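Source: prediction; values computed, not measured. Values reported hereafter were calculated over all heavy atoms of this structure, with side chains retained and with hydrogens, waters and symmetry mates removed.
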Amino acid sequence: MTDHTRLAEQLRQLDGKGYKAYKSIRDEYYFPQFTLKIDRVQGDPFAKPSQCRVLIPQQIAGFPPESYANRSREVGLRDFLTRQFHQLTQQRQRRSGTGNSGLIAIAQPGPEILERTTAFISDEQVELRFWIGLPAQGRRIDGWQAADLLCEQIPELVEGMLYPQLPTQNLQHYIDTHEDADWLRQQLSTQKLVAFVADGAILPRRSGIDTCPLESATPFQSPASLRVEFSCPHHGLMTGMGIPKGITLIVGGGYHGKSTLLKALELGIYNHIPGDGREYVVTHADAVKIRAEEGRPVTGLDLSPFINHLPHQQTTTQFYTTNASGSTSQAANIIEALELEAQVLLIDEDTTATNLMIRDRRMQSLIAKDQEPITPLIDQIRPLYEDHGVSSILVMGGSGDYFEVADTVIALSSYRPENVTEQALAIAVEYPSDRICEAAQPIGTRQFRRLQLKPSSLEWKGRPAKVKVHELREIILGREAIDLSQVEQLVESGQLRGIAAAILYLHQSPPTDLNFATAIQAILSQLSTEGLSTLSSFPEGDFVAFRRFELAAALNRWRDLSLED
């Protein structure tokens, strides 16, 4: 163990030397209030910043045990600490030199409260993981600035992270809000609901690239016939719109809020920070957004419930393509979600393939069924719920045929919801569609594919493949890119980094049973018990929690994936 005064002297002695001489400081150092661990040292001022950790003994940090007394509160507290550290680093104005000189940064969170490998807390200590840009002038070490950065500025930041220095009232509200949202999500099944939108919620965002709530938005108000109430552990009595199990349509004119509501439900699988407006919009944890995704690969899926008797006798019970059409990709997305036991499908007609959604009576009369390989969703959505308990929520503005299969119909007018179920069902009786149901193949909810990860795709000269992540767009494993730009329930790039690490982990430590769904569930169960840090022997600071559906989505879009029936 090297103390902090010796570190400062060592850095000053490195002043003016070539930048690679910084490698000598990779070690751990004792400070009066914490231990600093320098885990990785960058080799160039323009390279990825160096990775560090601070470990603060709990007798100094001072966090009361009740602030992390259960899993929900612990995750909320860790998320709050990440944001607090990020805020403190943003208030610093002391950066000079070349490249990333003087940078202190932590992985920046979005509006969702998520488990991250940025902060940890236990009865023994608080741990924070972050990056520093070791100072340079040109490509020469600026040792004096480095000594100030590591031995003066970092202690100042640590001081601001101690419990007595934090806005404890805000912290308590933050953790309580997170715990209440978790509690609400757990109550959905007991109330036979798949989602809940609290009265007063603000659903619209400022823009497609700004996740802050729109200040001028109309607060959400539930229709009386769909209003439910809960008595939350901290918030107390809460009312709002409950969306029941079954098939729910969201209808209304264009620009009246249909897709905005569905987007809030889509992200309701996550909890949101206080002030986001969607703190108490919660959706069943196993809800999956479904869309068409033209061009994606499909590997060994049984698509026969939606696509069969193709020309040239091509089989669809074990279907492969490297470039799926819109309808094929949407069918694949549904089957893959069911393979992982999704409980709710979320669908917006704006991002679907029309021919997989509906085939009306006129088209049925013109093109006989034996000439049409596609069975539309309208003919499978009812059996999917009645036989398998899988609910659906659909934004539907163009086809009233879905009135005949709906359990609940919610109309939006100027962002205000109204329960119009009785009117919609009456219209369906008065103006029957006269469609012929075309579902010849019953839909199953499970596939039985077996996972095979090719060593050639995950290794290069006997070493693990290099991993890169491009925002929320793609993962690059070695020489192969996985396009995730259409997987809409991914919200942070750290989730992609975690998913990439999980794929490598699956390759290096494959489960005994390589059934695809079982393998995915096994690693998620392990992460739930042991934490995200299990995915790497290195103390990564930028992994973010993900669900089994998004891990499976990455594997299913990986063109080097090998599966067998």
Side-chain angles (χ1 to χ4, degrees), residues 1-57 82 85-86 88-108 117-119 125-161 460-461 463-469 497 533 536-543:
M1 180 81 69
T2 305
D3 64 36
H4 65 288
T5 55
R6 185 174 175 186
L7 172 61
E9 181 61 28
Q10 183 180 355
L11 289 168
R12 295 185 188 109
Q13 290 175 359
L14 292 175
D15 188 58
K17 294 186 177 181
Y19 199 86
K20 291 186 182 297
Y22 267 134
K23 296 288 185 180
S24 64
I25 69 168
R26 184 175 176 270
D27 203 342
E28 58 182 55
Y29 303 91
Y30 174 74
F31 286 69
Q33 292 186 311
F34 63 94
T35 298
L36 170 66
K37 292 190 176 185
I38 303 176
D39 295 310
R40 183 184 60 78
V41 178
Q42 65 200 95
D44 185 274
F46 296 93
K48 183 178 179 179
S50 304
Q51 187 160 327
C52 299
R53 288 178 287 162
V54 292
L55 283 67
I56 313 168
T82 299
F85 192 88
H86 174 72
L88 292 176
T89 61
Q90 295 302 295
Q91 293 170 0
R92 295 172 58 252
Q93 300 295 329
R94 291 178 279 180
R95 285 191 62 186
S96 62
T98 52
N100 290 310
S101 290
L103 173 73
I104 302 179
I106 198 166
Q108 183 175 355
T117 57
T118 46
Q125 65 183 19
V126 174
E127 178 181 340
L128 299 168
R129 299 178 181 180
F130 56 96
W131 299 286
I132 59 171
L134 291 170
Q137 297 298 329
R139 281 185 164 83
R140 296 286 176 180
I141 289 175
D142 187 335
W144 290 85
Q145 186 183 347
D148 178 71
L149 179 72
L150 291 171
C151 300
E152 300 294 336
Q153 296 184 42
I154 288 180
E156 289 175 7
L157 289 172
V158 170
E159 178 69 26
M161 296 299 296
W460 177 249
K461 295 183 178 180
R463 301 179 65 182
K466 289 186 177 180
V467 175
K468 294 182 180 179
V469 168
R497 294 187 182 93
S533 291
S536 176
S537 58
F538 185 82
E540 299 287 356
D542 56 0
F543 289 168

Less than 4.5 Å apart, any side-chain heavy atom of Ile132 and any of Ile154?
yes
Would you name the heavy atoms of Thr35 and Tyr30 that are closest together and state the gap between them?
OG1-CD1, 4.4 Å
Between Arg53 (side chain only) and Gly541 (backbone N and O only), is there a donor and an acceptor less than 3.5 Å apart?
no
Donor-acceptor under 3.5 Å (Gln145 side chain, Pro135 main chain):
no
NZ/Lys23 to CD/Gln42 distance, rounded to the nearest 0.5 angstrom?
8.5 Å
Less than 4.5 Å apart, any side-chain heavy atom of Phe85 and any of Ile104?
yes
Please find the pair of heavy atoms, one from Ala107 and one from Thr118, that lie closest to each other, and give the distance.
CB-CG2, 3.7 Å
Measuring only between side-chain heavy atoms, which start at C-beta, is Arg129 closer than 4.5 Å to Pro539?
yes
Step-by-step side chain to side chain donor-acceptor pair (under 3.5 Å) determination, Glu540 to Thr117
CA-CA 7 Å; Glu540 299 287 356; Thr117 57; over 6 Å; no
Could you tell me whether the side chain of Leu55 reaches within less than 4.5 Å of the side chain of Leu36, counting heavy atoms only?
no
Main chain of Cys151, side chain of Tyr29: is a donor-acceptor contact present, judged purely on distance under 3.5 Å?
no
To the nearest 0.5 Å, how far apart are CD in Glu152 and CD in Glu156?
7.0 Å
Could you give the distance from CG (Leu14) to CH2 (Trp144), rounded to the nearest 0.5 Å?
12.5 Å
Interatomic distance, CD@Gln91 vs CG@Leu157, rounded to 0.5 Å, equals 9.5 Å
Does some side-chain heavy atom of Arg92 sit less than 4.5 Å from a side-chain heavy atom of Gln153?
yes
Got Trp131 and Cys52 here, is their nearest side-chain heavy-atom distance under 4.5 Å?
no
Check step by step if side chain to side chain contact (heavy atoms under 4.5 Å, CB included) holds for Arg40 and Lys48.
CA-CA 10 Å; Arg40 183 184 60 78; Lys48 183 178 179 179; 3.6 Å; yes
Checking side chain to side chain contact (heavy atoms under 4.5 Å, CB included) for the pair Lys17/Ser24: CA distance, chi angles, key distance, verdict?
CA-CA 12 Å; Lys17 294 186 177 181; Ser24 64; over 6 Å; no
Working to the nearest 0.5 angstrom, can you tell me the gap between Glu159 CD and Ile56 CD1?
9.5 Å
Would you call Asp39 and Arg26 a salt bridge, taking side-chain N to carboxylate O under 4.0 Å as the test?
no
All salt bridge (charged side-chain N to carboxylate O under 4.0 Å, His left out) counterparts of Arg139, not counting sequence neighbours
Asp44
Backbone N/O of Asp27 and side chain of Lys37: donor-acceptor pair under 3.5 Å:
no
Are side-chain heavy atoms of Leu134 and Ile25 found at a separation under 4.5 Å?
yes
If I compare all heavy atoms of Pro57 with all of Phe34, which pair ends up nearest, and what's the gap?
CD-CA, 4.3 Å
Check: Gly133 main-chain N/O paired with Ser50 side-chain donor or acceptor under 3.5 Å:
no
Could you go through Phe543 and Ser533, starting from their C-alpha distance and side-chain angles, then the distance that decides it, and tell me whether this counts as side chain to side chain contact (heavy atoms under 4.5 Å, CB included)?
CA-CA 8 Å; Phe543 289 168; Ser533 291; over 6 Å; no
Test ring-ring contact (aromatic ring centres under 6.0 Å, His included) on Phe31 and His4 and set out the steps.
CA-CA 6 Å; Phe31 286 69; His4 65 288; 5.1 Å; yes
When every non-hydrogen atom of Ala8 is compared with those of Ala147, the smallest separation belongs to O-CB, 4.0 Å
Would you say that Leu150 contacts Leu11 through its side chain, given a criterion of any heavy-atom pair below 4.5 Å between the two side chains?
yes
Interatomic spacing from NE2 in His86 to CZ in Phe130 - rounded to 0.5 Å:
15.0 Å
Backbone N or O of Ala47 within a donor-acceptor pair of the Asn100 side chain at under 3.5 Å?
yes
Show the numbers, then the answer: is there a side chain to side chain contact (heavy atoms under 4.5 Å, CB included) between Gln51 and Ile38?
CA-CA 6 Å; Gln51 187 160 327; Ile38 303 176; over 6 Å; no
